[in-house]
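A short write-up of the structure that comes next.
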Amino acid sequence: MYNFRKIEDKWQKKWNFETKKSSKKKFYMLEMFPYPSAYGLHMGHSRTYIIGDVLARYKRMNGFNVLHPMGYDSFGLPAENAAIKEGIHPLGYTEKAIKNYIRQQKSLGLSYDWSRMIASHTSEYYRWDQWIFLQFLKKGLAYRKKALVNFCPKCNTVLANEQVEKGKCWRHSDTDVEIKELEQWFFRTTQYADKLYREIEKLEWPSTIKDMQKNWISPSKGTLVKFNFENEYIEVFTTRPDTLYGVTAVTFAPEHPKVMELIKGTKNEKDVKKFVNKILLEDKFSRMEKDKEGIFIGKYAVHPLTNEKIPIYVANFILLEYGTGVVMTVPAHDQRDYEFAKKYKIKIKQVIVGNVSDSAYEGEGKLINSEKFNGMNNKKAMAEITGYLEKNKLGKEVIQYKLRDWLISRQRYWGCPIPVIYCDKCGIIPVQEKDLPVKLPGNVNFKSGGNPLATNKDFVNVKCPKCKSNARRETDTMDTFVDSSWYFLRYADNKNNKQIFSREKANYWLPVDQYIGGREHATGHLIYFRFFTKAFRDMGLINFDEPVRKLFSQGDVNKEGVRMSKSKGNVIDPMEMVNEYGADSLRFYLMFLSSPGSVFEWDDKGMKSVSNFINKFYELSNAKCKGKTKDRIALSKINSLVEIVTENIENFRYNKALIGIMEFTNYLNRNRDYISQKTFNESYKTLLALLYPFIPHVTSELNCDNKWPKSNRKLINKEIEYSENFLQNTILDVHNIINLINKKPRKIKLSVSESWKYDFYKRLKKEDSKDFNVLIRKLMIKEHGKEIPKIIQSYIKNPGKFQDVILSQSEEVKILEDNIKILENEFNCDVEISKNDAKAYPGKVSILID
RNA sequence: GCGGGAGUGCCAGAGUCUGGAAAAUGGGCAGGACUUAAGAUCCUGUGGCUUAGUGCCUACGCAGGUUCAAAUCCUGUCUCCCGCACCA
């Protein structure tokens, strides 16, 4: 067993992957930075980083100037919760965890430029979060408003839309999110909704992720319609303006703030309040499964075109977060409205020809009951009615997105303070840029129950920068997804303390050429960082508008069919594997067993066998060879292998690259008696280079080349490789023929299938068909039961001798004819080619005995 | 309900794009060689039947279709996984 500990230690100390701008072509390789938890690196991390590292090393060997950085997303709840529970300060917790991560990542042999390391909890980093916030504020991309927001009672903070899953908190799948009305900070992601949506198409991302984003942003074209109400308007959004004349109610979402306003002081107030409260107590998920429920609030709006009185309702199936939170109810042409109307005896007014006797008619048709639009096809009427509304300032065409603005306030301590001061006289005053960073104070009380940051009086109480009177600081911190929305830019210039980054450096290194990370970020981080990039571009900070050209999503690591996780108790610690088998073995194993994109099913025994292979490979470096008859085959194989491995690395099919390498290694090992030392050494050297990205330590120890090998096409000769198979198969054929004949020497029937001949001639016509020779060869392999006595007998004695048997096409045809004669003569039997033997199949000649 | 992905030996996983002898590669299991032994290494076998013969049959979720030829292309269908979901 080679001493992997010594070797890996030696090379890890020696390696340095610091990089700077050069004339070489750049390649920015990035894996999503981790949250440094106290538990250390898990197997999923290891897999992701190794996938990236293989590509980074491969690109370096190909002459690219590779930027491959690592950092830590080090603000976040676990550190703060540890503080609350165990009394450890988040700073100490975090810094200890980061140290541990770095140590573990180094021990995996990951080739990072450590000089570019960043950690988002440091003020050198988060001051730029604050700076960005101020810029966004100026641009109107950050704003504060009172809104209904999602609140997780366990996290004790509000959440972004993206952090709510099926009505539950993303971190606490057992905790219902509460809806609260609070004044909070938002980023105006919707300003870029259109671009975020349309420009997905130009990304080289997995289609699943692209689809998820499209689904999340989800634009729909429709019309905003104003219903008159007392002295104001009620606006509704509809995708079916053609049914406007069929409106028989206007319906609000129960959470809608307007509802309480409308009922104030009316006789319905009590009932409506009761109804709304009942609905709000239900969690969102079970609400969906329930029947339609609603209540008339006792007031009427005015239809914009007919001036009819339209009753106003509140109903459980109206979503606050979509459109305006109010809809126009058209029972005749919307199934949900139909059900609702039936239950509450709301008028059903048909405006499109169709059957509405027992369900809504949602199809196409001619308009009726629609005044001057009568008779018009409904599709046409959509535009016409919208146009009419626009002309009369009663509505307009809009594109409605599902994407919401991003709520970034968090009532938590361990995050980046929002740089704002509240003054009773001056209102909201942004901290001035020169006063950044607003440092997160260390001295806070974690047991207060609320936001610990609010317990530090020195932090909270400040003078207003404008009027110098007493004021207080914002104590909310930013969502940690703000930190991760621009970190990839900071790597380009991580030590800059004058600017967020230099434009020149960012434009040189960015965009990221290859990004790797989990699918779970499809509708969160992967949208946010696109939003930031587009905003930065418009602010002139950078000259590109997408952060990442190519994205790859690695698969999970499972054990016994279940994703490895602490809660499932099925975790394998990568560091244990490194200690037992070495980092190279773990790297090889994680890349070998399944393709990087699919689920990796962990099997304890696999590590062992992979480590055996590496050991075997190591020992092979001293192998002695003799002979030369298979040199040409070996050279052909190694040169095709270079092409195979190259292609498979580029396509993230590392498992196939490694399989090819293993096959050839075994071939080399088995045929040492027929290969010259020179060829062996050359092949081995190539193998070393091919393996370097996967197992860098041991290959470095064996003096591996730093350049990616080029395949010499001239040496690739599939026919030589075939000829070896050909001979081996021929031996078998002959043995069998001899056996057969010895037993029952009567009549031999050679049959070639009709189907094969059909194809054969079809391809024959295409002169340039690459497959042609292959096809011939296939036929010949089997039909070659002829050369028998002479060639074969000597081959059996000396199998290495015949590596050069290559036959021309005409020779092969001749051989086929000869075969028959030989068989007939030598064995005194009849041989015939049968035209209609159903058992024959392409490339095979059946030899049957009557 | 909508969108996406997947069903292949005992297991993991190739092959599907571009139809041409299904099961590469690894694991597991069984046998053998070498060993005092273990490990490592190297052979051989691993769907069923079998007269033991590169013999017969069965097989890529199921059912059809196209084709001389289908795991691969088409249609239908079942199951599983993932995302979104009363989106007006």
Side-chain angles (χ1 to χ4, degrees), chain A residues 1 165-166 206-216 218-220 222-223 236-240 243 251 253 285 287-292 315-319 321-330 333-337 339-340 400-402 519-520 522-523 558 561 589 592-595 597-613 615-616 619 653 655-656 658-663 666 669-670 729 732-733 735-737 739-740 743-744 753-760 762-763 771 774-775 778 781-782 785 838-844 846-849:
Chain A
M1 203 63 178
E165 294 169 356
K166 297 187 174 145
S207 58
T208 48
I209 305 246
K210 293 210 266 186
D211 287 343
M212 280 163 79
Q213 286 210 353
K214 280 194 241 166
N215 215 329
W216 189 261
S218 194
S220 47
T223 307
V236 304
F237 172 77
T238 182
T239 52
R240 295 290 306 273
T243 64
T251 311
F285 203 55
R287 197 168 129 191
M288 246 165 48
E289 322 223 292
K290 284 206 146 170
D291 281 351
K292 313 262 176 294
N316 65 343
F317 66 100
I318 308 303
L319 303 171
E321 59 272 21
Y322 189 73
T324 59
V326 193
V327 302
M328 57 183 223
T329 298
V330 186
H333 305 291
D334 182 288
Q335 187 55 30
R336 293 159 300 177
D337 294 347
E339 288 164 26
F340 185 57
Q400 180 66 48
Y401 295 92
K402 248 164 72 176
R519 296 179 179 84
E520 67 273 21
T523 55
N558 285 5
Y589 184 48
F592 159 73
L593 199 67
S594 68
S595 77
S598 50
V599 170
F600 185 101
E601 183 63 40
W602 182 269
D603 177 0
D604 291 331
K605 288 174 179 140
M607 278 300 295
K608 182 88 184 142
S609 74
V610 155
S611 134
N612 288 343
F613 172 79
N615 196 48
K616 194 166 83 182
E619 312 254 298
R653 313 238 267 194
N655 55 330
K656 287 200 215 162
L658 289 174
I659 285 164
I661 290 171
M662 285 174 88
E663 274 176 357
N666 287 332
N669 188 28
R670 270 200 283 269
N729 284 315
L732 280 172
D733 284 353
H735 277 297
N736 284 308
I737 290 170
N739 283 343
L740 272 173
K743 276 185 184 134
K744 300 172 186 173
S753 75
E754 198 60 14
S755 64
W756 184 81
K757 279 188 201 158
Y758 175 87
D759 195 56
F760 180 81
K762 210 167 64 182
R763 289 185 193 220
D771 298 335
V774 174
L775 213 65
K778 278 187 174 173
I781 286 169
K782 285 304 175 186
K839 300 300 177 204
Y841 45 81
K844 177 176 178 179
S846 303
I847 300 161
L848 305 168
I849 297 174

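Reminder, nothing fancy here: chain letters follow the sequence lines and each chain counts from 1. All values reported here derive from a predicted model rather than from experimental measurement.
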Interatomic distance, [X] [atom1] vs [N] [atom2] [rounded to whole Å]:
| X | N | atom1 | atom2 | answer |
| --- | --- | --- | --- | --- |
| K616(A) | G39(B) | NZ | P | 17 Å |
| M212(A) | G83(B) | CE | P | 7 Å |
| E601(A) | C10(B) | CD | P | 17 Å |
| E520(A) | C81(B) | CD | C1' | 16 Å |
| K210(A) | C84(B) | NZ | P | 19 Å |

Counting heavy atoms from C-beta on, name the nucleotide in [options] closest to the side chain of [X].
| X | options | value |
| --- | --- | --- |
| N669(A) | G4(B), C86(B), C42(B) | C42(B) |
| D211(A) | G13(B), C87(B), G4(B) | G4(B) |
| K608(A) | U41(B), A40(B), C87(B) | A40(B) |
| N316(A) | A88(B), C86(B), C84(B) | C86(B) |

| task | Could you check T523(A) against S595(A) and say which one's nearest nucleotide on RNA chain B is further toward the 5' end? | result | S595(A)

| remark: Of N215(A) and D334(A), the one whose nearest nucleotide on RNA chain B sits closer to the 5' end is N215(A)

| field | Y401(A): ring pair (Phe, Tyr, Trp, His ring centres under 6.0 Å) partners, not counting sequence neighbours | value | none

| remark: Hits for ring pair (Phe, Tyr, Trp, His ring centres under 6.0 Å) against F592(A), two or more places apart or cross-chain, chain-then-number order -> F588(A)

Could you list, one pair per line, each protein nitrogen or oxygen that sits under 3.5 Å from a nitrogen or oxygen of nucleotides 23-31 of chain B, together with the distance?
{"from": "A24(B)", "atom 1": "O2'", "to": "E663(A)", "atom 2": "OE2", "distance (Å)": "3.2"}
{"from": "G27(B)", "atom 1": "O2'", "to": "D603(A)", "atom 2": "OD2", "distance (Å)": "3.4"}

| task | Go through the structure and list residues passing side chain to side chain contact (heavy atoms under 4.5 Å, CB included) with E619(A), not counting sequence neighbours. | result | N615(A)

| query | In chain order, what residues pass the side chain to side chain contact (heavy atoms under 4.5 Å, CB included) check against E601(A), with sequence neighbours excluded? | reply | N558(A)

| request: Would you mind checking if D334(A) and R336(A) are paired as a salt bridge, meaning a charged N to carboxylate O distance below 4.0 Å? | output: yes

| message | Tell me whether the side-chain N or O atoms of K292(A) pair up with the base of C86(B) as donor and acceptor below 3.5 Å, since no angle test is needed here. | response | yes

| request: Could I get the full list of salt bridge (Lys or Arg N to Asp or Glu O under 4.0 Å) partners for R519(A), not counting sequence neighbours? | output: none

